[in-house]
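Every chain is numbered from 1 and lettered A, B, ... according to where its sequence line falls, protein lines coming before strand lines.
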Amino acid sequence: MTELAKSFEPLEIEGQWYERWADAGTFKPSMATDQPAYCIQLPPPNVTGTLHMGHAFNQTIMDGLIRYHRMKGDNTLWLPGTDHAGIATQIVVERQLADQGVSRHDLGRAGFVEKVWEWKKHSGSTITGQMKRLGSSCDWSREYFTMDDNLSQTVTEVFVRLYEENLIYRGKRLVNWDPVLGTAVSDLEVVSEEEDGSLWHIRYPLVETDAVKGLTHLVVATTRPETMLGDVAVMVHPEDERYQHLIGKSVTLPLCNRQIPIIADDYVDKEFGTGVVKVTPAHDFNDYAVGQRHGLAQISILTLDAKINEESPEKYQGQDRFAARKAVVADLEAEGFLESVKPHKLMVPRGDRTGAVIEPMLTDQWFVAMSKADEKTGKSITQKAKDVVSSGEVKFYPEQWVNTYNQWLNNIQDWCISRQLWWGHQIPAWYGEAGEIFVAQTEAAAYEKAKAAGYKGTLKRDEDVLDTWFSAALFPFSTVGWPKETPEFNAFLPSSVLVTGFDIIFFWVARMIMMTTHFTGKVPFKDVYVHGLVRDAEGKKMSKSEGNTLDPVDLIDGIPLPELLKKRTTGLRRPEKAPQIATKTEKEFPEGIPAYGADALRFTFASLASLGRSINFDQKRCQGYRNFCNKLWNATRFVLMNTQDKDCGVNVQAIVELSFVDRWIISRLQELEAHVATHFDNYRFDLAAQALYEFVWSDYCDWYLELTKVQLQQGNEAVQRGTRRTLLRVLEVVLRLMHPIMPFITEELWQTVAPLAGRKLTEFIAQASWPLPDASRLDQKSVAAMEQFQALINACRTLRSDMQLSPAQKVPLIVKGDEALLKEWAPYLMPLAKISELNVVEELPVTQAPVQHLGTMSFMLHIELDPVKEQQRIEGELAKIEPELARLIGQLGNPQFVERAPAHLVEQSKARVIVLEEKRAAFLKQKEQSLSI
RNA sequence: GGGUGCUUAGCUCAGUUGGUAGAGCACUGCCCUUACAAGGCAUAGGUCAGGAGUUCGAGUCUCUUAGCACCCACCA
């Protein structure tokens, strides 16, 4: 006989189960082809990363789905992996090297990449270890890393194919350049924020004085005066009367003494600034487009680390862009070209990883042609991606995200996929000495191609690597064996659902859909479940610099305040914020964080998983669900106490008698089973969690358990057996229903409960079958009886409470009503409503005792009390009845309602009126009588 | 400039084809009743952001106003 601890201690039970499940092969797909396949791809976390709240939330959802489908008997796979995360990882390792005074250039490319691999081996498994603490049941035997040989081969394969299809090209384009990292980044990796800057008005002297209006110069407005060194024109709106006559003339570019033309382009907004715009094609995206339209030169003025280059006036050469700005402004002022400086708010683009101001830079890069039709289908990859969503092959939950998705695809630019980094998939392109390009899987193959093209010299491989999101776009098929048609490819592509935050719809979701449909003709996944971002209790975004992050593991294990303070205040980008963060933390967590356990944390996430945009994580919620775990724990203790070593009517053909109470809880259980499954199917974890919470706490614990005490004490053998069996079986089923959300506690309890319930058919609950509702076990009569019974108990309790009776004081109850029914209820009624004796009568006696009316029943607690108090109570009851009655009578008096509303609603209202009128009459009568005493 | 959400009890949020407003937490009162004080029982608290419309009936559908949040693009 095992005895459970007196209260739920998560840390004591969570330890062993994960390893045991994994060792038993529980997490592996059955690969049974006669079962439906269910597959989720884990969005691979950065190999450098640690588990944050977003992961924990995300994985709670995925693990819930996976465990649910596994229990349903599906061929279920949760495929894990980690991402090499090019930029992020390179930054981390470079920083570590910098601490030792070493730069990556000291090591050279090969040496540096080796260092990264070393670092990956050393700390790469942090996050997977944390995932296991959470209970995430991935099939680790299939874990991949995006730089594994087979995946890398797929990347090159895809690159080569796209190149051969003319969907990848190389060219000199203006791209977003991060001068700190020294690499191009894609549009998505640039975030613009409004910052304070200035608008400088600069005079550009006209070469010939204006004969019409006598102007000697034009004034241009700019937020980036240093870029004037690269100006190749000034432009005005073609219909701008102020300047129209000057179009085709020239101005002299100050400081450079170049003459540049005045051109017309309707891109110019006449209302903004002076209506005259400088044109710098090499350093501004709009100017670049203007330059293309007008066939202008592109004068680059910056080196790749954002210093003024050698083509610019000597004076500024080598100066950093910000220093150069000051110098240029100072010189303009000194030479009388500066007309004014005004404060101006502008959007400054910054790299999302470095925070460095992004510089549009003319460089050679590789691009994916997003809008170019391929030869086979005549459709662009963008079009294909739109088609599968509009056809419903890929469904978004919630649906509204389709808008966002389409809107982005409709305005898409070609994707810059080359990065000037060392960590990542090196681009499989080789160059001949005269710039010939040979794209091939391997160097040998490149030489072959070169030879075939008549090139005999040496080849040099492209130094650049691919954007991490390029390889990420291929996961749905690269991880299941493509281009081979493996069993996994057939079973798990498309996967069942992608669970992800909306923040990476563009980065990842859209690109996976593009690449997968293009290469395999299949969609990558059937559903996309888009959830919100986890925020702190106040709804603020969690960020290290704000010091409001929570570590999921700290919520599981608990953390004392000093440690939490240390965690939140060390390694800050702005250390001066530390005291403020410390104060806030102390206020929010005066005693640190207690150990809530993985189950409570998961249940919290599940209950917060509504379909909104953000999830505010309040630890109080977590505490509430830890209490819920404790409730379940103690309910199980109660059940075990009453069933272990006793005849539970499970194994033998014993005679078993079920009361209306037993039948009621069994009926409720059937409903619960149906609801929970529906909620899982609809990705409504919040509703599933709520249904489980309510059933366990209210129905099972508050009502059923209390009522079984009566049956166990007073019932005959058959009733006791029936009670024990029902207690066990309901609990056993509930444990299975909760297992997808709370794997640990349910496993722990199930191990003891299931054998008693005669249901231990598998070693672990993790392998047990999903409970299915059985309509034949629904007993509406018992459900209705229970409803009435509960109403009676509640009414008695309310009376007692209103009369301020001590719970210890038992009083007689006098009832007018169905005698047979009341006799059946009496044994339950007496302890629950603290009744000393029950008298069924024809008419209630006329006294001052409190009376209540319920349907056709009237009853009174036989106590003496203050008549004034009772009068007040009656008035209160009447005051509650009147407005509802008035509303209903009004409704029924409206012929249009009676005519047009559904018949059952009209009947319902009529019935309710009768009930209320009887109740009112009874109270009025009572009021009269008591006054007459 | 284009787009998308949100506004319901003190707080955080549910509310599924329109049919008498719900939960958790917090609050109040009474209880150490042998599963659980991480608990039990019972209260209290909302003109569903404002306005208009459709309807017998609107938190729910339409329009509109205000506030908030977010996404995309961007004026030099």
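When both distances must be under 3.5 Å, the Watson-Crick or G-U wobble mate of B:A21 does not exist. For B:U4, the paired nucleotide is B:A69, the pair qualifying as Watson-Crick or G-U wobble because both relevant distances are below 3.5 Å. With a cut-off of 3.5 Å on both pairing distances, the Watson-Crick or G-U wobble partner of B:A52 is B:U62.
Nucleotides B:G67 and B:G50 have their P atoms positioned 16 Å apart, rounded to a whole Å. Between the P atoms of B:C41 and B:A23, the separation comes to 14 Å (whole Å). Annotation: B:A49 and B:G2 have their P atoms spaced 26 Å apart (nearest Å). Comparing the P positions of B:G15 and B:A52 gives a spacing of 27 Å, expressed to the nearest Å. Across B:G40 and B:U34, the matching P atoms stand 14 Å from one another, rounded to whole Å. Spacing of C1' atoms, B:C27 relative to B:A69, comes out at 30 Å, to the nearest Å. Using atom P as the reference point in both B:U62 and B:G5, the two lie 11 Å apart (nearest Å). Taking atom C1' on both B:G22 and B:A35, the two are 29 Å apart, rounded to the nearest angstrom.
Counting to the nearest Å, the P atom of B:G15 and the CG atom of A:Asn682 are 12 Å from each other. Atom CG of A:Leu4 and atom P of B:A35 are 14 Å apart (whole Å). Between the CZ atom of A:Phe272 and the P atom of B:C74 there is a distance of 15 Å, rounded to whole Å. For the pair A:Gln400 CD and B:A69 P, the interatomic distance rounds to 19 Å; values are reported in whole Å. For the pair A:Tyr704 OH and B:C36 C1', the interatomic distance rounds to 18 Å; values are reported in whole Å. The distance from atom CG of A:Leu199 to atom P of B:C74 is 19 Å, rounded to the nearest whole Å.
Distances shown here put a side-chain N or O of A:Lys631 below 4.0 Å from the OP1 or OP2 atom of B:G40. For A:Arg621 and B:C25, the shortest distance from a side-chain N or O to OP1 or OP2 is not below 4.0 Å. Under 4.0 angstrom from either OP1 or OP2 of B:A76 there lies at least one side-chain N or O belonging to A:His344. For B:C41, the OP1/OP2 oxygens have no side-chain nitrogen or oxygen of A:Trp703 closer than 4.0 Å. Remark: A:Asn627 is in phosphate contact with B:G39, judged by side-chain N or O atoms under 4.0 Å from OP1 or OP2. Put simply, A:Asn630 has no side-chain N or O that comes within less than 4.0 Å of OP1 or OP2 on B:G39. Between A:Lys6 and B:A38 there is no side-chain N or O to OP1 or OP2 distance below 4.0 Å. Contact annotation: A:Ser806 side-chain N/O to B:C31 OP1/OP2 distance is not under 4.0 Å.
Salt bridge A:Glu877/A:Arg920: absent, no basic N to carboxylate O contact under 4.0 Å. Note on A:Glu226 versus A:Arg224: salt bridge recorded, some NZ/NE/NH1/NH2 to OD/OE distance being below 4.0 Å.
Mapping A:Ile793 and A:Arg637 onto RNA chain B by nearest heavy atom places A:Arg637 closer to the 5' end of the strand.
Using a 4.0 Å heavy-atom criterion, one finds that A:Gln623 contacts no nucleic acid atom at all. When heavy atoms are screened at a 4.0 angstrom cut-off, A:Lys620 is found touching the sugar-phosphate backbone but no base atom. When heavy atoms are screened at a 4.0 angstrom cut-off, A:Leu687 is found touching the sugar-phosphate backbone but no base atom. Within the 4.0 angstrom heavy-atom criterion, only backbone atoms of the sugar-phosphate kind lie near A:Arg684; the bases stay farther away. A:Lys709 comes within 4.0 angstrom of a nucleotide base, judged by non-hydrogen atoms across all strands. Across all strands shown, A:Phe8 has heavy atoms under 4.0 Å from base atoms, whether or not it also approaches the sugar-phosphate. Backbone-only contact: A:Asp702 has heavy atoms under 4.0 Å from sugar-phosphate atoms and none from a base. Among the protein residues, A:Cys629 comes within range of no part of the nucleic acid, since none of its heavy atoms lies under 4.0 Å from any strand. Contacts of A:Asn794 with the nucleic acid, taken as non-hydrogen atoms under 4.0 Å apart, involve only primed sugar atoms and P, OP1 or OP2. In this structure, A:Val276 reaches neither bases nor backbone, as no heavy-atom distance under 4.0 Å exists between it and the strands shown. Nucleic acid contact class of A:Trp697 (heavy atoms, under 4.0 Å, all strands): sugar-phosphate only. Within the 4.0 angstrom heavy-atom criterion, no nucleotide atom of any strand lies near A:Asp618.
Distances were taken from every side-chain heavy atom of A:Glu9 (C-beta onward) to each of B:A38, B:A35, B:A76; the shortest belongs to B:A38. Comparing B:A76, B:C74, B:A42 by their closest approach to the side chain of A:Thr222 singles out B:A76. Side-chain proximity of A:Phe897 to the nucleotides B:G19, B:C70, B:A14 is greatest for B:G19. Listed nucleotides B:G2, B:G19, B:C36 differ in distance to A:Gln891; the shortest reach to its side chain belongs to B:G19. When each of B:C31, B:A76, B:A35 is scored by its nearest atom to the side-chain atoms of A:Pro807, the top-ranked nucleotide is B:C31. Picking from B:A14, B:U33, B:A35 the nucleotide with the shortest atom distance to the side chain of A:Gln690 gives B:A14.
Screening A:Tyr405, A:Phe502, A:Tyr529, A:Tyr683 for a ring pair (Phe, Tyr, Trp, His ring centres under 6.0 Å) involving A:Phe396 leaves a single residue, A:Tyr405.
Looking at A:Arg626, its side chain comes within 3.5 Å of the base of B:A38 through a donor and an acceptor atom.
Side chains of A:Cys622 and A:Leu601 form a contact here, defined as non-hydrogen atoms less than 4.5 Å apart.
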